[in-house]
Amino acid sequence: MKKQVLIFAATICIAISGQSQDLAQNQVPSVILNTFNNSFPKASDIEWEMDGVLYNVDFEIGWNTDHEIWYNSQGVLVRHKEDITKDELPKVVMNRLKANFKGYAIDDIERMTDEDKISYKIELNTFTRQDLDVIIDQQGNLISKMLD
């Protein structure tokens, strides 16, 4: 069932992302800009677009720490995707990786927050097998595993 929900959510995101339109900052409603600027005052390399009915912003904080956020028209953050380090992974997620993916090295990690649900997309590399992308929730449950 979880896989079906994830596939449905991914399909919706792909469908919505096909409708993206770049926006100049002055085209973004002030309630959204104020929320964003107050939450991320050190953001740089900021790019806005309209993603279906949501306002999407890509930006960086520091050196190469990418973020992507979706806001609704009232300025409420509905989704946040951010690069994180291995040290920022919860212990239960690391335990799942150690138990299920021996021999793989962690390449890239994204923390994805959809409203109140947090999951981690982890790219795993190895020399002996095909690379994988896995998604693990904050309780350490394996949500999906895909060949990279």
Using the ring centroid of each side chain, check whether Phe36 and Tyr55 are separated by less than 6.0 Å. no
Which residue, Val28, Asn38, Val57, forms the side chain to side chain contact (heavy atoms under 4.5 Å, CB included) with Leu33? Val28
Point-to-point distance, once rounded to the nearest 0.5 Å, from CG of Asn100 to CD1 of Ile136: 7.5 Å
Is any side-chain heavy atom of Tyr104 closer than 4.5 Å to one of Leu132? yes
Students often mix this up, so state it plainly: with edges at 30° and 60°, are the rings of Phe40 and His67 parallel, tilted or perpendicular? tilted
If I take atom CG from residue Leu97 and atom CG from residue Leu124, how far apart are they, to the nearest 0.5 angstrom? 6.0 Å
Quick one: NZ on Lys86 to CG on Asp107, what's the gap to the nearest 0.5 Å? 11.5 Å
Could you report the tightest heavy-atom contact between Asp22 and Glu49, atom names first, then the distance? OD1-OE1, 3.6 Å
Under a 3.5 Å distance rule, please check whether Asp137 uses its side chain to pair with a backbone N or O of Gly140 as donor and acceptor. yes
Is there a continuous path of hydrophobic side-chain contacts, each under 4.5 Å between heavy atoms, that joins Met146 to Met112? yes
Is a side-chain donor-acceptor pair under 3.5 Å present for Asp51 with Trp70? yes
To the nearest 0.5 Å, what is the distance between NZ (Lys42) and CG (Asn37)? 14.5 Å
Give the cluster check for Met50 versus Val31: same hydrophobic cluster or not, with ILVMFWY residues linked at side-chain heavy-atom distances below 4.5 Å. yes
Measure the CG-CG distance between Asp133 and Asn125 for me, rounded to the nearest 0.5 Å. 9.0 Å
Count I, L, V, M, F, W, Y as connected when their side-chain heavy atoms are under 4.5 Å apart, and connections chain through other members. Are Leu147 and Ile106 then in the same cluster? yes
Among residues at least two apart in sequence or on other chains, which ones pass side chain to side chain contact (heavy atoms under 4.5 Å, CB included) with Thr113? His80, Arg111, Ile118
Is Val93 close to Ile122 at the side-chain level, that is, under 4.5 Å between some pair of heavy atoms? yes
Please step through side-chain contact (heavy atoms from CB on, under 4.5 Å) for the pair Asp83 and Asp108, ending with a clear verdict. CA-CA 8 Å; Asp83 291 342; Asp108 289 324; over 6 Å; no
Nearest 0.5 Å, please: how far is CG in Asn56 from CD in Gln21? 12.5 Å
How far apart are the closest heavy atoms of Phe59 and Ala43, and which atoms are they? CD1-CB, 3.5 Å
With side chains defined as the heavy atoms from C-beta onward, is the minimum distance between Ile32 and Trp48 less than 4.5 Å? yes
Candidate pair Thr35 and Tyr71, rule side-chain contact (heavy atoms from CB on, under 4.5 Å), full reasoning: CA-CA 9 Å; Thr35 300; Tyr71 292 99; 3.8 Å; yes
So, Asn72 side chain and Gln74 main chain: donor-acceptor pair closer than 3.5 Å or not? yes
Taking the side chain from Ser119 and the backbone from Ile135, do they hold a donor-acceptor pair closer than 3.5 Å? no
Please confirm whether the backbone N or O of Thr126 pairs with a side-chain atom of Asp131, one donor and one acceptor, at under 3.5 Å? yes
If you define the side chain from C-beta out and look only at heavy atoms, does anything of Tyr120 sit under 4.5 Å from Pro90? yes
In the structure I gave you, are the side-chain heavy atoms of Lys145 and Phe101 within less than 4.5 Å of one another anywhere? yes
